[in-house]
Amino acid sequence: MSIRTNLEHIRERIALAAARAGRDPSEITLVAVSKTKPCEAIREAVSAGATILGENRVQEAESKIAELHDLPAVWHLIGHLQTNKANKAVLLFDLIHSVDSPRLVEAVNRAAQSIGTRQAILLQVNIAGEEQKFGIAPGEFEHLLDYALAVPAVEVKGLMVMPPFSENPEEARPYFRALRDLAARYTNELGNRPELSMGMTGDFEVAIEEGSTMVRIGTAIFGAR
Ligand SMILES: *Cc1c(COP(=O)(O)O)cnc(C)c1O
């Protein structure tokens with residue numbers, strides 16, 4: 001199947017999941033996750049209508065973005081960010097999904113300040129409390145949020161979650177719901193419609209039913225990695 005056909009199919013599935021939840025599909029942003037995929041595949045996706053590309057490594061993204069600078073698309077960082085790559089990240093990405101510590105907030109804030117911008121970020125929450133997983137522990141979330149709201153050059157757009165891996169998308173549902181509930185406790189800080197980045201190839205329909213506003217889909221668009 002071609003990337004174009006895959007994208008059409010994904011858009012249909014997004015629309016159906018939104019309809020089941022009584023939601024407008026235009027509320028759901030598709031991030032086409034192009035990590036490990038070659039530039040030709042990314043060109044094909046953009047020509048088929050993808051406008052946001054997701055990468056998980058700064059270095060890999062840097063070379064792709066240089067080569068694909070003519071494309072009408074923006075780039076999101078979905079993977080872990082090391083503080084020493086914050087300077088590059090603020091130059092490359094419209095949105096960083098994976099901010100998960102005050103130290104990283106501070107690094108991104110400084111990097112954005114140094115080039116006179118504000119960086120849009122999401123706070124990644126380790127909602128399942130898994131060990132050795134990225135994301136802020138739920139108990140430390142409020143402190144991280146307060147910290148991020150207090151610095152001048154980052155803009156907190158919402159939250160992101162990666163539930164524990166499972167073959168069964170229903171097992172992810174409680175974690176998606178927990179992220180939505182967490183955001184709902186902070187409407188004063190996050191507003192009424194924060195971004196909720198949740199859902200990948202295996203579970204995006206469940207995520208949409210639970211309120212996702214951003215799905216990060218790689219395999220179902222570009223094929224297996
Ligand atoms: C790779 C990746 C995805 C996409 O995964 P697929 O299962 O290929 O859709 C989404 N989010 C993050 C953080 C990823 O690293």
Side-chain angles (χ1 to χ4, degrees), residues 1-18 25-82 84-99 108 111-112 115 117 119-122 124 134 157 160-163 165 167 169 172 195-208 212-225:
M1 280 238 272
S2 72
I3 287 173
R4 180 174 296 272
T5 312
N6 291 345
L7 266 169
E8 278 167 15
H9 192 209
I10 287 295
R11 287 191 196 290
E12 279 167 24
R13 288 171 61 189
I14 289 172
L16 286 170
S26 69
E27 293 171 14
I28 297 141
T29 301
L30 173 61
V31 179
V33 175
S34 52
K35 66 187 186 196
T36 79
K37 294 297 175 180
C39 288
E40 309 86 82
I42 299 173
R43 284 193 184 279
E44 204 178 322
V46 172
S47 83
T51 56
I52 303 177
L53 300 163
E55 288 283 332
N56 69 335
R57 287 163 177 272
V58 173
Q59 218 147 347
E60 179 183 340
E62 189 180 24
S63 62
K64 286 178 174 172
I65 293 170
E67 189 169 335
L68 298 170
H69 61 89
D70 58 309
L71 289 186
V74 299
W75 300 77
H76 286 188
L77 182 66
I78 59 170
H80 178 66
L81 175 61
Q82 291 171 299
N84 63 4
K85 301 241 170 76
N87 282 319
K88 276 187 180 168
V90 300
L91 290 170
L92 298 171
F93 299 106
D94 273 41
L95 180 64
I96 299 172
H97 290 231
S98 49
V99 175
V108 171
I115 58 166
T117 61
Q119 177 65 49
I121 65 167
L122 304 178
Q124 181 176 354
F134 295 121
K157 296 285 196 184
M160 185 273 235
V161 73
M162 285 264 284
F165 177 78
E167 296 283 346
E195 296 289 353
L196 296 176
S197 170
M198 48 191 209
M200 315 182 4
T201 290
D203 57 19
F204 71 91
E205 286 144 317
V206 170
I208 289 169
S212 171
T213 69
M214 255 182 203
V215 291
R216 311 178 306 266
I217 299 180
T219 306
I221 296 173
F222 292 101
R225 286 181 296 273

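The structure presented is a predicted model; accordingly, all values stated were derived computationally and were not measured.
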Inset, instruction - Please round to the nearest 0.5 Å and tell me the distance separating atom CG of L91 and atom CD of Q119. - result: 9.5 Å
Inset, instruction - Keeping the roles fixed (side chain from S2, backbone from T5), state whether a donor-acceptor pair exists under 3.5 Å. - result: yes
Legend entry - Test item: E8 side-chain N/O and A48 main-chain N/O as donor-acceptor pair under 3.5 Å: no
Legend entry - Rounded distance [0.5 Å steps], CD1 in I115 versus CG in N87: 8.0 Å
Legend entry - Heavy-atom neighbours of R13 CZ exceed 12 at 6.0 Å: yes
Legend entry - Minimum heavy-atom distance A172-P163, with the two atoms named: CB-CG, 3.8 Å
Legend entry - Side-chain touch I10/I221, heavy atoms, less than 4.5 angstrom: yes
Legend entry - Side-chain touch V108/L81, heavy atoms, less than 4.5 angstrom: yes
Inset, instruction - First locate atom CD of E44, then atom CG of N6, and finally report the distance between them rounded to the nearest 0.5 Å. - result: 9.0 Å
Legend entry - Considering all heavy atoms, the nearest V33-F222 contact: O-CD1, 3.2 Å
Legend entry - Atom of A112, atom of V90 and distance for their closest heavy-atom approach: N-CG1, 4.0 Å
Inset, instruction - Report yes or no: does K64 contribute a side-chain atom to a donor-acceptor pair with the main-chain N or O of I42 at less than 3.5 Å? - result: no
Inset, instruction - Sequence neighbours left out, what passes salt bridge (charged side-chain N to carboxylate O under 4.0 Å, His left out) with E67? Give chain and number order. - result: none
Inset, instruction - Tell me, please, which residues at least two apart from F134 pass ring pair (Phe, Tyr, Trp, His ring centres under 6.0 Å). - result: H80
Legend entry - Side-chain (S98) to main-chain (G79) donor-acceptor, under 3.5 angstrom: yes
Inset, instruction - Identify the two heavy atoms, one from P169 and one from G202, that lie closest to each other, and give their separation to 0.1 Å. - result: CB-O, 3.3 Å
Legend entry - Sequence neighbours excluded - side-chain hydrogen bond (donor to acceptor under 3.5 Å, both in side chains) pairs with any residue from residues 212-225: E195-T213, S197-R216
Legend entry - Residue pair I52, L30: steps toward the side-chain contact (heavy atoms from CB on, under 4.5 Å) verdict: CA-CA 7 Å; I52 303 177; L30 173 61; over 6 Å; no
Legend entry - Nearest-0.5 Å distance, CG of residue L95 to CE of residue M160: 9.5 Å
Inset, instruction - Over all heavy atoms of both residues, which pair between K37 and A224 is shortest? Give the atoms and the distance, please. - result: NZ-O, 2.7 Å
Legend entry - N/O donor-acceptor pair under 3.5 Å between R43 side chain and L71 backbone: no
Legend entry - Value rounded to 0.5 Å, distance of CG in L53 from NZ in K35: 13.5 Å
Inset, instruction - With rounding to the nearest 0.5 Å, note down the distance linking CD1 in I28 to CD1 in I208. - result: 4.5 Å
Legend entry - Residues in side-chain contact (heavy atoms from CB on, under 4.5 Å) contact with S63, at least two apart in sequence or another chain: none
Inset, instruction - Using ring pair (Phe, Tyr, Trp, His ring centres under 6.0 Å) as the criterion, list what pairs up with H9, not counting sequence neighbours. - result: none
Inset, instruction - Could you pull out the closest heavy-atom pair between A50 and A32, with the gap in Å? - result: CB-CB, 4.2 Å
Legend entry - ring-ring contact (aromatic ring centres under 6.0 Å, His included) partners of residues 40-78, not counting sequence neighbours, each pair once: H76-H97
